[in-house]
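Single-structure report; data block below.
All heavy atoms count here, side chains included; hydrogens, waters and symmetry mates do not.
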Amino acid sequence: MKSGVLLFAVNNSQIDYVKQAIYCAKKIKEHLNLPVALATESSSYVKDSFPFYKKYIDSIIELKKNLSTYQTRKFFDGAYTEKILLWKNHTRPDCYDISPFDETLVIDVDFIVCNNDLLNCFELNEDFLIYKDPIDIFKEREFQPFNRVSDKSINLRWATAFYFKKSKMTEAYFNLIKHIKENWSFYKLIYQIPGSLYRNDFAFSIAIHILNGFQSNDWPKVLPGNMYVSTDKDILYEIKDNKLFFVIEASPPGNFLGVTMSNSNVHVMNKFSLNRMIDIEFKNE
Amino acid sequence: MDERLEKALDFSNFMVTLNNQRKLIYEKFLENSVYYERGGKFVVNKELINFCNTLLQKNQTSAIFVDDNNTPIEIDDLEEFLDKILNVYFTNVNEYLIKFNELKEKRTSEGLLNI
C-alpha cells in the first residue's frame, strides 16, 4: 500500500507558501523519508523559482484557481507588525480526491518536522488521525484559542497535520467537510464561531462532532507525537539543524524572552519569520 | 531604574526562561515515553513495566493489553515486549536527566537556550 505526504501551497502577494512547502518537504525527507506530493495553483512557479525542488518534491498536483473562495485576514510578524493579506485555504477538504496515496499524511507547510514520530501513524490501525491539544512553546501563557472552536462550543481539532487511509468512512468525512464549507454561514452560526472567516480547523472539528452523533467522543484518535505551536506574534529567530530558536513577548509588554525547541515538531504561525529563515537555509541549494 | 529592581527583573526573566525550558523538556520526556507495537499505543511508565514483570513472574509468556487508545492488543512475546519498553524507559529517562542537569548548571538566559 502506497503511503506519502501531501502538502498544499497557494501563495499570496507576500507569503511564499511554495517556498515553505519545499522546506517542509526537505524536513519530511530527512525525518520521515516518504514521498511528497505538492498541491499548488502554479506548477510553473515551483519549477522556475525552485529548480532544485525535485530533490524534495516527488510530484506536483495542479489546483484550479477559485477566486471566489479567497478570504482576507490579518497576519502578524511578531507582536508589533501586522498585514492584511489574501488567505487561500479552500482546497484542503479536497485532499481525499486529489491524494495520489492510499495512506496520506497531510501537513501544513509551516509545520516543521524535526523527528520521526509521525511515522507511527502508518502503524496504528486507524482510518483517520488528527491532532488535538497542541502545546504552546511558551508554557507560561494560557492561549485559549488552542483548545476550543469558541468559548461555549466544541473541542478544537487541528487540521495542521492529519492522517487518513482511503475508506468509505474517510470519504464520507471529507465530503461532509465540503458540505460544511459550502454552508459555512449556517454552521458558524450553529457552532457559535465569531467572525466570518472559514477555517479548516473549525470545519474539521464540526465534521468530527457531527460524525460522532453530535457528541464528544474518542474518535478520531490523536496523531502520534506532540504538536508544539508558536503564534504569529512569536518570532522564529534561528534554525540550527533540528533546533528552533524563538523570541517571544512575555509579560510585561516589551519584555522579550527566548525559547529553544529541540527535535520537536513545531507549527510556526509567523510565516514571515519562517520565510526569512528558509531563505538562509536555501542559500546553499 | 533602581539597580536593585533592574537586577531583580533580570533574574525574573531568567526564572521564567528556566521554568519554560524545564516544562518543555518534561513534555519531550512524556512524548518520548510512548511506544507503538502491533498497532497499539503504550505509554511506558513504571506501572506498565511492573505489570509486565508480574505477568512474567507468573510464568505468562503472552498477554492481552488494553492500550492507551482503549484497544485490546495481543502481545505474543511478553519477555521481548518488556525488554523493548525497558529500553524505551531507560533511554528516555537518561536523556531527561542529562537535559535537566544541563539546565540546572546554566546561570544565564542565553545559556538556557543553548542546550
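- Between the CG atom in A/Asn125 and the CZ atom in B/Arg38 there is a gap of 10.0 Å [rounded to 0.5 Å].
- Remark: A/Tyr237 OH is loosely packed, at most 12 non-hydrogen atoms of other residues, nucleotides or ligands lying under 6.0 Å away.
- If you measure heavy-atom distances from A/Ile135 to chain B, the contacts under 4.5 Å come from the side chain alone.
- Atom CG of A/Leu124 sits about 8.0 Å away from atom NZ of B/Lys41, to the nearest 0.5 Å.
- Atom-to-atom distance recorded for B/Asn70:CG and A/Asp218:CG is 6.5 Å, nearest 0.5 angstrom.
- When all heavy atoms of B/Thr17 and A/Leu257 are compared, the pair lying nearest together is OG1-CD2, 3.8 Å.
- Annotation: maximal heavy-atom pairing with chain B below 4.5 Å, among A/Asn120, A/Asn115, A/Asp117, occurs at A/Asn120.
- Shortest non-hydrogen contact noted between B/Glu27 and A/Tyr228 is CB-OH, 3.4 Å.
- Side chain of B/Glu31 to backbone of A/Gly225: no donor-acceptor contact under 3.5 angstrom is found.
- Between the CG atom of B/Leu24 and the NZ atom of A/Lys139 there is a distance of 7.0 Å, given to the nearest 0.5 Å.
- Annotation: ring-ring contact (aromatic ring centres under 6.0 Å, His included) contacts involving residues 242-284 of chain A, sequence neighbours excluded, comprise A/Phe52-A/Phe282.
- The line from CD1 of B/Ile25 to CE of A/Met261 is 11.5 Å long, rounded to the nearest 0.5 Å.
- Around atom NZ of A/Lys29, more than 12 heavy atoms belonging to other residues, nucleotides or ligands sit under 6.0 Å away.
- At a 4.5 Å heavy-atom cutoff, the contact between B/Asn19 and chain A is made by backbone and side-chain atoms alike.
- Heavy atoms only, all atoms of each residue included: B/Tyr36 and A/Pro224 are closest at OH-CB, 3.0 Å.
- Environment of CD in B/Gln60: crowded, with over 12 heavy atoms of neighbouring residues, nucleotides or ligands closer than 6.0 Å.
- Counting heavy atoms of neighbouring residues, nucleotides and ligands inside a 6.0 Å radius, atom CG of A/Asn217 exceeds 12 of them.
- The OG1 atom of A/Thr260 lies 9.5 Å from the CG atom of B/Leu103; values are rounded to the nearest 0.5 Å.
- The part of A/Ile137 that comes within reach of chain B is its backbone (N, CA, C, O), which places non-hydrogen atoms under 4.5 angstrom from that chain.
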